[in-house]
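Report on one structure; see the data block that follows.
Below, chains carry the letters A, B, ... as their sequence lines are ordered, and counting in each starts from 1.
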Amino acid sequence: MDAFYASVMIRDRPELHDVPVVVGGGHRGVVLSANYPARRHGIRSGMPGAEAARLCPDAVTMAPDFGLLTPVSRAIMETFRTVTPLVEVTSLDEAFLDVRGALRLFGSPEAIAERLRSRIRAEHGITCSVGIAATISVAKLASRQAKPDGVRVIAPDRFVEEVHPLDVGVLYGVGEATRQRLHRLGLVSVGDVAAIPPDLLRRMLGRHLGTHLHALVWGADRSELVPGGAGVFGFGEGEPEGSMGAQHTLAVDVRDRDALRRELLRLTARVAARVRAAGRTGRTVTVTVRYSDFTTVQRSRTLPEPTDVTQDVYAAALTLLDGLLDARGPRPLAVRLVGVRVEGLRRLRPGDGRQLVLGERDPGWPDADRAVDRAVDRFGQAAVRRASLL
DNA sequence: TCTGGGGTCCTAGGACCC
DNA sequence: TCTGGGGTCCTAGGACCC
């Protein structure tokens with residue numbers, strides 16, 4: 001989708017169509033999406049909200065409404081599935097479609113693209129762009145070039161001619177860090193990298209990145225899709241797999257340890273509830289702290305047994321947080337962000353449960369979690385919470 | 001008013017095992 | 001001329017994506 005969040009948020013507000021609109025970017029936030037009038041002022045997604053405000057003080061700023069965005073996203077993904085079941089969803093507003101099996105029914109890839117674009121325009125009042133190619137990364141590159149509201153084809157026999165002259169940064173998977181690293185090595189264009197033998201590339205950049213980059217510069221990365229939306233709308237099959245986390249940038253930097261602990265508890269309760277709702281358990285707990293100088297550290301701990309119990313995750317997280325704060329000495333930096341993540345998730349199996357230490361009394365936390373989950377499910381988030389969070 | 005929040009994957013060192 | 005080779009697991013950091 002083109003500027004998805006912004007497009008959907010203003011879809012039913014025609015008075016905003018021709019004025020700069022920014023979604024996100026509130027206090028200490030970044031821009032999630034900007035409509036094209038805002039982009040003409042230089043506003044881009046990922047940019048600090050303060051910078052966007054400087055570039056265009058008159059822009060209309062709004063928070064994303066996922067109650068609005070998620071159903072639109074789901075409906076669009078369903079539209080894609082009317083063409084092919086081979087849809088790999090990568091985010092709320094983007095997916096890859098393998099249309100090789102749909103050509104006889106729906107015509108050329110270009111015809112399919114126009115069919116989908118006009119349906120999405122008619123049903124949701126927003127535009128999208130389509131890249132057509134033989135592999136994931138080339139299709140992605142083509143779709144970026146197609147924006148806004150366009151279609152672009154990069155056929156395999158045109159790849160070298162059309163992509164090799166471009167900066168390596170256009171490749172899907174080459175971010176700013178790798179781009180700069182390559183530039184320092186004198187490799188500026190895609191063609192420059194393509195001229196390096198793969199063995200040398202691997203020695204220069206490491207085994208995986210070298211191999212991956214060699215494939216990218218020849219338009220030869222993967223073409224088989226993984227249908228579904230692992231990590232976007234849920235999980236695929238197989239285990240162990242995945243992680244779930246929550247992090248929060250505090251409204252102001254905080255030194256008070258009790259306040260940080262409460263924030264950690266709030267985040268932990270949210271994450272553990274999501275783990276339980278997904279029918280998973282996890283074994284590794286990771287705590288993230290970002291200090292006021294923006295240095296970010298993580299500490300993780302793997303438990304003897306997987307858990308979905310809020311109190312178990314919190315106990316581990318608290319130990320990690322305290323360890324981090326103690327390591328900073330008696331006068332630690334103020335904290336800007338705290339986060340907690342549960343990794344090594346696997347499907348909950350009947351009989352899974354915490355191993356009680358001999359003689360220990362079952363404290364009943366799993367039962368408490370289930371009761372809280374049910375109450376919140378029926379009466380909303382405000383129904384039950386820890387007293388320390390009131 | 002500097003810099004979000006949700007993820008995935010890779011690297012590298014050390015512990016540990018056979 | 002004292003120390004291999006194969007492997008897994010854990011931890012910390014970093015790159016990348018939207």
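Closest of all the heavy-atom pairs between A/Val254 and A/Val252 is CG2-O, 3.3 Å.
Residue A/Gln298 is classed as a sugar-phosphate contact, given heavy-atom separations below 4.0 Å to backbone atoms only. Nucleic acid contact class of A/Gly175 (heavy atoms, under 4.0 Å, all strands): sugar-phosphate only. Residue A/Gly49 is classed as having no contact, given no heavy-atom separation below 4.0 Å to the nucleic acid. Across all strands, A/Arg54 comes closer than 4.0 Å to no nucleic acid atom at all (heavy-atom distances).
At least one cation-pi condition fails for A/Arg40 and A/Tyr36: the charged atom is not both under 6.0 angstrom from the six-membered ring centre and inside a 45 degree cone around its axis.
Taking a centre distance below 5.5 Å and an interplanar angle below 30 degrees as the stacking criterion, A/Tyr172 does not stack against the six-membered base ring of C/dC17.
What separates CG of A/Leu345 from P of B/dG6 is a distance of 14 Å, to the nearest Å. Atom CD of A/Gln247 and atom P of B/dG6 are 6 Å apart (whole Å). If you measure from atom CD of A/Gln180 to atom P of C/dC16, you get 10 Å, rounded to the nearest angstrom. In this structure, A/Arg301 places its CZ atom 20 Å from P of C/dC9, rounding to the nearest Å. At whole-Å resolution of the value, CE in A/Met244 and P in B/dG6 are 12 Å apart. Between A/Arg222 atom CZ and B/dC9 atom P there is a gap of 10 Å when expressed in whole angstrom units. Distance, A/Arg202 CZ to B/dC10 C1': 16 Å, rounded to whole Å. The CD-P distance, from A/Glu51 to B/dG4, rounds to 13 Å in whole Å.
A/Arg270 has a side-chain polar atom (N or O) that falls below the 4.0 Å cut-off from OP1 or OP2 of B/dG6.
The 12-atom threshold is not exceeded at CD of A/Gln381, counting heavy atoms of other residues, nucleotides or ligands nearer than 6.0 Å.
Between A/Tyr5 and A/Phe66, the ring center distance clears the sub-6.0 Å criterion.
A distance of about 23 Å separates the P atoms of C/dT3 and B/dC17, rounded to the whole Å.
We find the CZ-CG distance between A/Arg207 and A/Leu201 to be 14.0 Å, quoted to the nearest 0.5 Å.
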